[in-house]
Amino acid sequence: MAAATPHSPPPQLSSPFLEYITAPGGLDKVVLRGRRSCSVEIRLFGGQVTSWKNDHGEELLFVSSKAIKPPKPFRGGIPICFPQFGTQGNLEQHGFARNRLWAIDDNPPPLPVNPAIKAFVDLILKPSEDDLKMWPHSFEFRLRIALGAGGDLSLTSRIRNTNTDGRPFSYTFAYHTYFSVSDISEVRVEGLETMDYLDNMKGKERFTEQGDAIVFESEVDKVYLAAPSKVAIIDHDMRRTFVVTKEGLPDAVVWNPWDKKAKAMQDFGDLEYKHMLCVEPAAVEKPITLKPGEEWKGRLGLSAVPSSYCSGQLDPLKVLHG
Ligand SMILES: O=P(O)(O)OC[C@H]1O[C@H](O)[C@H](O)[C@@H](O)[C@@H]1O
């Protein structure tokens with residue numbers, strides 16, 4: 001069966017785990033519901049997660065109060081950067097996927113799932129005629145967004161080369177995840193210390209991270225290379241740790257615009273940089289190449305857990321390996 005068009009009725013109309021929200025133009029959002037007040041909201045425009053709430057109904061992702069409505073990219077949540085990350089190519093910044101209307105995929109190819117996960121949705125993006133003029137490659141991009149029993153969120157991307165002319169294609173990719181934090185000056189990132197990174201603020205020059213956990217005192221825009229599969233964002237004030245897991249995505253981008261850049265951004269409040277941090281599992285340094293018929297899979301897993309303490313200190317080992 002073909003994927004439903006954005007305007008066709010949702011395939012499953014009622015389920016305690018899924019809610020479809022329509023707007024005048026057609027289907028607008030899907031809400032996944034978990035235990036107690038856990039939820040995830042996904043916007044069809046951009047195939048973008050725009051909210052992830054824990055069982056107390058607290059928002060875990062940052063969304064700017066100045067976020068602009070479609071057709072502009074939406075500042076916050078989890079934009080998908082594809083087929084280009086940043087300015088690394090001829091396309092618009094971060095590629096076009098975050099700026100397209102995705103459809104519900106009502107008959108996705110099988111994907112092994114945890115049977116305990118009841119709340120999930122499958123989306124699909126295929127290139128339009130205009131997209132093919134800009135990026136002349138035929139593809140199917142399937143995205144499954146799932147809310148686990150414990151309130152954890154996972155995004156699984158499957159990208160297939162459907163070119164019929166025998167040509168491979170290459171792309172870069174990121175899950176541009178905006179985390180909500182209490183105060184950026186009190187946040188530490190564990191798992192990236194000692195890693196090599198490309199500094200976007202210094203012409204992509206390569207450096208090696210020194211010292212302990214990463215803390216934030218000014219603008220940061222770095223691509224950590226061959227980053228570990230698990231990274232922790234420890235929010236001291238909230239006593240909350242985000243655990244970010246990644247598969248199929250070698251790199252991790254870390255970004256905070258800080259005060260000067262924040263003021264220059266039209267869709268971002270002047271002081272909002274204090275309450276957000278982007279940690280973005282990505283494939284940036286080495287583009288991924290697919291031959292016709294080949295499929296790539298890249299997964300992001302997010303959970304929010306109470307921070308572990310050991311003798312009054314945050315214990316990174318418990319967070320990363322516990
Ligand atoms: O403003 P956007 O196009 O959404 O990009 C926001 C940011 O995304 C990434 O984190 C890049 O590394 C940054 O260089 C960029 O400024």
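Every number for a ligand or one of its atoms is a count from 1 in the order of the listing.
- Annotation: the span from H137 atom NE2 to L132 atom CG amounts to 9.5 Å, rounded to 0.5 Å.
- Side-chain contact annotation: T22 with D28, donor-acceptor N/O pair under 3.5 Å absent.
- Counting only residues at least two apart or in different chains, ring-ring contact (aromatic ring centres under 6.0 Å, His included) contacts with residues 284-304 comprise Y171-W296, F173-W296.
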> Would E295 and K297 satisfy salt bridge (charged side-chain N to carboxylate O under 4.0 Å, His left out), going step by step from the backbone distance to the final call?
Replying inline: CA-CA 7 Å; E295 185 177 85; K297 192 156 102 177; over 6 Å; no
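- Applying the salt bridge (charged side-chain N to carboxylate O under 4.0 Å, His left out) test to pairs two or more places apart or on separate chains, those with a residue in residues 241-251 are E247-R299.
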Starting from the N and O atoms of ligand 1, collect every protein N/O partner closer than 3.5 Å and put each pair on its own line with the distance to 0.1 Å.
residue	atom	partner	partner atom	Å
ligand 1	1 (O)	R75	NH1	3.1
ligand 1	1 (O)	R75	NH2	2.9
ligand 1	3 (O)	Q93	NE2	2.9
ligand 1	3 (O)	R98	NH2	3.0
ligand 1	4 (O)	R75	NH1	3.1
ligand 1	4 (O)	R98	NH1	2.9
ligand 1	5 (O)	Q93	NE2	3.2
ligand 1	5 (O)	H94	NE2	3.2
ligand 1	8 (O)	H94	NE2	2.9
ligand 1	8 (O)	H176	NE2	2.7
ligand 1	10 (O)	H176	NE2	3.3
ligand 1	10 (O)	E280	OE2	2.8
ligand 1	12 (O)	N200	ND2	3.4
ligand 1	12 (O)	D221	OD1	2.7
ligand 1	14 (O)	D221	OD2	2.4

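- Listed by chain and number, the residues in a side chain to side chain contact (heavy atoms under 4.5 Å, CB included) with R75 are S64, A67, Y178, W255, M265, D267, F268 (sequence neighbours excluded).
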